[in-house]
> 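Please read through the structure below; I'll follow up with questions.
Order of listing sets the numbers, starting from 1, for every ligand and every atom in it.
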Amino acid sequence: MEQFATTVSDLAQKLAEILAEKMGHKSTFFKENCVPSTCYLRMNRYPPCPISSEIFGLIPHTDSDFLTVLHQDQIGGLQLVKDGKWIAVKPNPDALIINIGDLFQVWSNGVYRSVEHRVVANKKMERFSTAYFFCPSYDTLIQSCVEPSIYRRFSFREFRQQVQCDVKRFGHKIGLPRFLV
Ligand SMILES: O=C(O)CCC(=O)C(=O)O
Ligand SMILES: [Fe+2]
């Protein structure tokens, strides 16, 4: 697991740099602010669920990070929104899935989009996935790399606190719309 974390950590760093360069920014921002100690790994287990059409394995959400590197087993169940429709991601244990998170959407001023996704549990088989969340330190200021920005500047701490607060109050994350200018 440690080996996996080290490998995907390097991968996430490289991908962030490439995505930044594509926006015309050769930035040290990610190297300075998203270090292994501020990123984390989550191991997900989805028990079989005979009523999976009524209950989600994981409710629809966007990830609260810059990007997520995801490994899933052969069972399947991950779905994402494309052109307003839910589509299934083909399970492939030999591949990694890269999701753009909320922070890259802000940093790129909406050019890169944080993808909404969910997990539908399998009726008969349990499923496992491992997600690596590429995050900055809590004090890092998140802002667009171009002007005029559609989001106001905020710290990662403020973002996490707002998400937690909304989940407690409304039962779900509101996320980026809260930070529009
Ligand atoms: O299990 C999956 O395929 C997705 C996991 C996920 O979206 C998450 O942990 O945020
Ligand atoms: Fe996710």
Side-chain angles (χ1 to χ4, degrees), residues 1-9 11-13 15-16 19 30 34 36-108 110 112-136 138 142 156-157 159-168 170-179:
M1 209 31 89
E2 238 174 82
Q3 166 93 58
F4 177 80
T6 312
T7 307
V8 294
S9 154
L11 174 67
Q13 193 64 249
L15 287 170
L19 289 167
F30 298 101
C34 305
S37 60
T38 62
C39 301
Y40 64 99
L41 200 67
R42 183 159 71 205
M43 288 182 275
N44 299 304
R45 172 179 171 260
Y46 304 90
C49 180
I51 51 162
S52 63
S53 52
E54 290 157 55
I55 304 170
F56 289 119
L58 196 56
I59 58 164
H61 67 282
T62 57
D63 293 342
S64 303
D65 58 355
F66 275 105
L67 49 88
T68 308
V69 182
L70 183 74
H71 178 266
Q72 57 169 337
D73 63 15
Q74 73 292 348
I75 302 297
L78 174 63
Q79 300 180 343
L80 56 84
V81 175
K82 191 169 180 241
D83 304 325
K85 284 196 196 116
W86 284 104
I87 59 158
V89 178
K90 216 174 172 182
N92 180 356
D94 294 327
L96 293 171
I97 294 160
I98 314 296
N99 276 346
I100 296 287
D102 297 336
L103 305 185
F104 236 129
Q105 180 161 329
V106 174
W107 191 86
S108 68
Y112 301 139
R113 307 304 291 266
S114 181
V115 64
E116 192 176 10
H117 54 287
R118 68 184 185 187
V119 176
V120 177
N122 190 280
K123 284 191 174 14
K124 295 206 173 97
M125 282 172 290
E126 72 178 347
R127 171 178 184 269
F128 293 94
S129 72
T130 307
Y132 183 83
F133 297 91
F134 187 64
C135 297
Y138 280 130
I142 313 297
F156 185 45
R157 176 176 285 106
F159 186 70
R160 292 303 288 253
Q161 281 171 350
Q162 185 66 61
V163 169
Q164 270 176 17
C165 199
D166 288 338
V167 169
K168 252 195 208 146
F170 306 111
H172 60 89
K173 169 178 165 179
I174 293 178
L176 290 184
R178 282 248 183 247
F179 296 88

> Identify the protein atoms, limited to N or O, that lie within less than 3.5 Å of an N or O atom of ligand 1, and list each pair with its distance to 0.1 Å.
| unit_1 | atom_1 | unit_2 | atom_2 | d |
| --- | --- | --- | --- | --- |
| ligand 1 | 1 (O) | Tyr46 | OH | 2.6 |
| ligand 1 | 1 (O) | Arg127 | NH1 | 3.0 |
| ligand 1 | 1 (O) | Ser129 | OG | 2.6 |
| ligand 1 | 3 (O) | Arg127 | NH1 | 3.3 |
| ligand 1 | 3 (O) | Arg127 | NH2 | 2.8 |
| ligand 1 | 7 (O) | His61 | NE2 | 3.2 |
| ligand 1 | 7 (O) | His117 | NE2 | 3.0 |
| ligand 1 | 9 (O) | Arg42 | NH2 | 2.8 |
| ligand 1 | 9 (O) | Asn44 | ND2 | 3.2 |
| ligand 1 | 10 (O) | Arg42 | NH2 | 3.0 |
| ligand 1 | 10 (O) | His61 | NE2 | 3.1 |
| ligand 1 | 10 (O) | Asp63 | OD1 | 3.3 |

> So, do Val115 and Val81 sit near enough that their side-chain heavy atoms are less than 4.5 Å apart?
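Counting from C-beta outward, Val115 and Val81 never come under 4.5 Å.
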> Taking the side chain from Gln79 and the backbone from Pro60, do they hold a donor-acceptor pair closer than 3.5 Å?
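Not at all, since once roles are kept as given, no pair shorter than 3.5 Å links the two residues.
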> Are Lys173 and Asp102 ion-paired here, with the side-chain N under 4.0 Å from a carboxylate O?
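A salt bridge links Lys173 with Asp102.
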> Could you check whether Asp166 and Gln162, counting side-chain N and O atoms only, form a donor-acceptor pair closer than 3.5 Å?
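Present: a donor and an acceptor within the cut-off.
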> Have a look at Asp63 and say which of its N, O or S atoms is nearest the Fe ion (ligand 2).
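Distance check against the Fe ion (ligand 2) picks out OD1 in Asp63.
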> Measure up the Phe159 and Phe179 rings against each other and bin them: parallel (under 30°), tilted (30 to 60°), perpendicular (over 60°).
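Geometry flag for Phe179 against Phe159: tilted rings.
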> Any side-chain heavy atom of Arg113 sitting closer than 4.5 Å to one from Ile100?
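No - every pair of side-chain heavy atoms lies 4.5 Å or more apart.
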